[in-house]
Amino acid sequence: MSPRVAREVSIVASAALAVCAIAASGLVLVATPARGATSGSVAKPPAVADPETPYRGHGDAFSYGGHGELRFGHDRQAGVSNPDWFSVGQAGGFVEARLHPRWKLALKGAYDRGQDDFTLERALVEFKTGGPLRIHAGVIPAPLGTTNLSHDAPACEFADRSLVATDLVGVPYSELGIGIAGRAAKGAFAYEVDLVTGFDDGIVMGGAGGTRIPSGRNNYGDQNGVPALAGRVVWSPGGGSELGIAAQSGRYNRTEIAGVTVDQARNAHLFVADAASSLAGFRLFGETSLALVDVPPGLEGLYAERQWGASVEAGRTLFDPVFGGWKKSRLTASVRADAVDLDARAVGDSKARVSASLNLRHTTHAVLRAGWYYEVRHDRFDNRIPFAGLTLTAASYF
Amino acid sequence: MTHLPWLQRLHRATKSPSGSGAPPSSAPDRAAIPAGAVSLIAICVTCAILIGCESMLTTKPDPADRFDEPVVGLDNGELGDFQDGHEQFRKAFSIREGLGPVFNNVSCASCHSGDGRGLAENILTRFSRGADLVPGEGGPQLQTKAIPGATAEQVPAGVDVSYRLPPPVFGVGFLEAITESTILSNEDPGDSDGDGISGRANWVTPAGYVPADEPGGGTAPRVGRFGRKASVSSLLQQTVEAYHQDIGMTTPQRPQDNVNPLAPAPEGLDEAPDPEVAGNHVADVIQYMRMLAPPVAGEMTDRRLQGEGLFATARCNRCHIPTMRTGAHEIEALANHQIPLYSDLLIHDLGDELADNRPDGSADGREWRTAPLWGLRVARDFLGGDLLLLHDGRAHSVDEAIRAHGGEAAASRDAFLGLTTEERGALLDFVESR
């Protein structure tokens, strides 16, 4: 079998795996009786500071909190150890102020190792109507999949996010905009529709080596004056099951620079589908994404016009509680397989990874995590470059 | 605020919805696969990972099979320089960092697979009109990519065109360390010995920015040794021109952007300040390439020994000289070594079939530098199983490459063709094991 054929087989197999996982989750969803609204993707924080949540605060009016993660890793590339054995995975804080029973201000910012920068993830004002509809405006987390909406380290199962999250969606990804969110059918369906600034030309201008969606994140402004449309629809029949479809579409480039026309309008589209459910005691989660980018003609052939990825993970609680003295402790194990193809037309330029993780949670909001991953990257020549590592992370809300 | 990932939902799902202490809703699931068994599996897997750490955490490939390994004998400082250069060699530039306005690729490593040759898609197009490099028409190299707002170049009408596959970069430090007198000692420009082979050096004038204390530098003509026609004498020049022509990045040596002169890009399109690549990074890359070791040749079997004999009998070794000796070099590990490059670094007339009819330095359109044969043993590993030999990669095997030889190499080619199938196989096995 030639390398090209083998790779295509592996891509098809990965796609089939992702589709099967999502389909399986969907079947479980269908088989699961609805119990009402339990979705976490659009869940609201508690109104009152609750010791069982990350929030601390003073009554209804104000709540706040923070989170952090320390990562100790023994990472290797093709047998050579990476000297960076310690890093801060995340460090951030969040506040919420209820100005009125219907009005809320929310602010969240965090340093994130995945982005290697401090990001304003949330700075919004939200108005809740009398019904299930909410209106929000400001810096909004892009509703592009569960991972982007819920990615705090203490709440995650793995030390590193999936390749879909890091290389396609660019978690954490927030943007300026205004939109609505709400629920329907007794909470079984949730939706969010936003008009946002969208990606900027960093998709092609800022990406080192080619098209890179995360390089087009622009939290603070609109480069071309044309808003993008982002939205997500979630079906949550209950039992922790959820099926979400999300997309963002809009112009990403500038047609004029310093008054000179340099290009025609070009669009980028990002689609994300995710599903979560449980089967035979295992919790399943899958997320897949497809990016379509209208690349300027001078970059065709070198910059990708189509990228995609998929991630499938399964987890199970092993001990609950772990020790008699730790009533709230839990030990969970999870495995994940994920892959991204950063140029669907190129032979290489892809990554695939498997990860395993053991999570000891002393309380719900603090975790000590031991993990292992093995990642294979293929450069544009399709040369294979293996990466692997053992990680020990400690993460907590505070 | 949302802090409810799927695991927390799992936790909820495995508890009573009301949290009243009722039996977990997923109790039947847990019974399906006992937690104890799962725990045992998880612990076993963890132990297997820890016990098998070496393979589970990747293993180092055999350095002899790589193009990106350092030469033996470097001191700690040099190894540090090697690592710095390695990083710069692999660095892919973004448009915001200065890529373009016209260019061919985004990094050094994007054209040199594993630091070896490039693929057909990496082929570079050189053009000129006779000895005129036609800079006013985009010469001497075509840039096929352009950033938004700029226009990629087209080959102008009526020019001489030559296609060049990116050559390997390993071992160039050893080539640099060979003295000019050693190279010239193999010259026979007038074919005084009457063997039909008349190699000569390509005397070239270094670019003005190459100082006299740089190997191959100065104002006087020097022996060219790098490139398909040995038209460059200095690694500094080779590197700076690659940044400028191939990647569209300015350097302290060439601080002006390379533009398409026939379709100038609007002012301000390239917002990165010049030079876009710092001088120390250029130096890092040069030092890195200097210290790249050639792969180790394969084991000499009886068949290969036979092939080596036939290689000499066919007089292939008159140009593909098996070894040359390096002279002094500032990197001690490169100095005074007998290196198995299988080349004389001279230019030879290789006949009509390979001629590009485009002069380069003092080399005419039929002359090419004898290509070093080292590294052929593992070249396929980095080219998707192909070999892509000769200046434009037209030959997919050593056999095809030999058959394309003409001119001064015609007698050797004919001698090869006169061998039996078994003998040709032995010769090819020997060459492909270098």
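The chains referred to below are lettered A, B, ... by the order of the sequence lines, with proteins before strands, and numbering in each begins at 1. These figures come from a predicted structure and were not determined experimentally.
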Would you please test B:Ile95 and A:Asp201 for side chain to side chain contact (heavy atoms under 4.5 Å, CB included) and show each step?
CA-CA 10 Å; B:Ile95 295 170; A:Asp201 61 9; over 6 Å; no
Value rounded to 0.5 Å, distance of CE in A:Met205 from CG in B:Leu99
9.5 Å
Give, as side chain, backbone, both or neither, the part of B:Asp381 having an atom under 4.5 angstrom from any heavy atom of chain A.
backbone
Can A:Gln77 and B:Thr58 be said to form a side chain to side chain contact (heavy atoms under 4.5 Å, CB included), step by step?
CA-CA 7 Å; A:Gln77 173 185 346; B:Thr58 75; over 6 Å; no
Please flag which part of B:Phe382 lies under 4.5 Å from any non-hydrogen atom of chain A: side chain, backbone, both or neither.
both
A:Phe387 CZ: over 12 foreign heavy atoms closer than 6.0 Å
yes
Side chain, backbone, both or neither of B:Asn260 within contact of chain A (heavy atoms, under 4.5 Å)
neither
Answer key: most heavy-atom pairs under 4.5 Å with chain B among A:Gly207, A:Ala78, A:Gly209, A:Gly301 is A:Ala78
Rounded to the nearest 0.5 angstrom, the CZ-CD1 distance for B:Arg90 and A:Ile385 is 7.5 Å
For the candidates B:Ala150, B:Ser110, B:Ser107, B:Gly114, which exhibits the highest count of non-hydrogen atom pairs separated by less than 4.5 Å from chain A?
B:Ser110
Heavy atoms from other residues, nucleotides or ligands near CD of B:Gln154 exceed 12 (cutoff 6.0 Å):
no
Side chain, backbone, both or neither: which part of B:Glu271 has an atom under 4.5 Å from a heavy atom of chain A?
side chain
Contact class of A:Arg384 relative to chain B, heavy atoms under 4.5 angstrom
neither
On a heavy-atom basis, which atom in A:Ala388 and which in B:Leu57 lie closest, and how many Å separate them?
CB-CA, 3.5 Å
B:Ile147 versus A:Leu299, closest heavy-atom pair with distance
CA-CD2, 4.3 Å
If every non-hydrogen atom of A:Phe381 is compared with every non-hydrogen atom of B:Cys111, which pair is closest and at what distance?
CZ-C, 3.7 Å
Among B:Ala146, B:Pro61, B:Pro266, who wins on heavy-atom pairs under 4.5 Å with chain A?
B:Ala146
Looking at CG of A:Leu302 and CZ of B:Phe103, how far apart are the two atoms once the value is rounded to the nearest 0.5 Å?
5.5 Å
Decide if atom CD of A:Glu300 counts as having more than 12 heavy atoms of other residues, nucleotides or ligands within a radius under 6.0 Å.
yes
Residue selection (most heavy-atom pairs with chain A, distance under 4.5 Å) from B:Ala152, B:Gly100, B:Ser113
B:Ser113
Inter-residue atom distance A:Asp382.CG - B:Leu383.CG, 0.5 Å rounding
12.0 Å
Relative to chain B, which segment of A:Thr147 carries a heavy atom at a distance below 4.5 Å: side chain, backbone, both, or neither?
neither
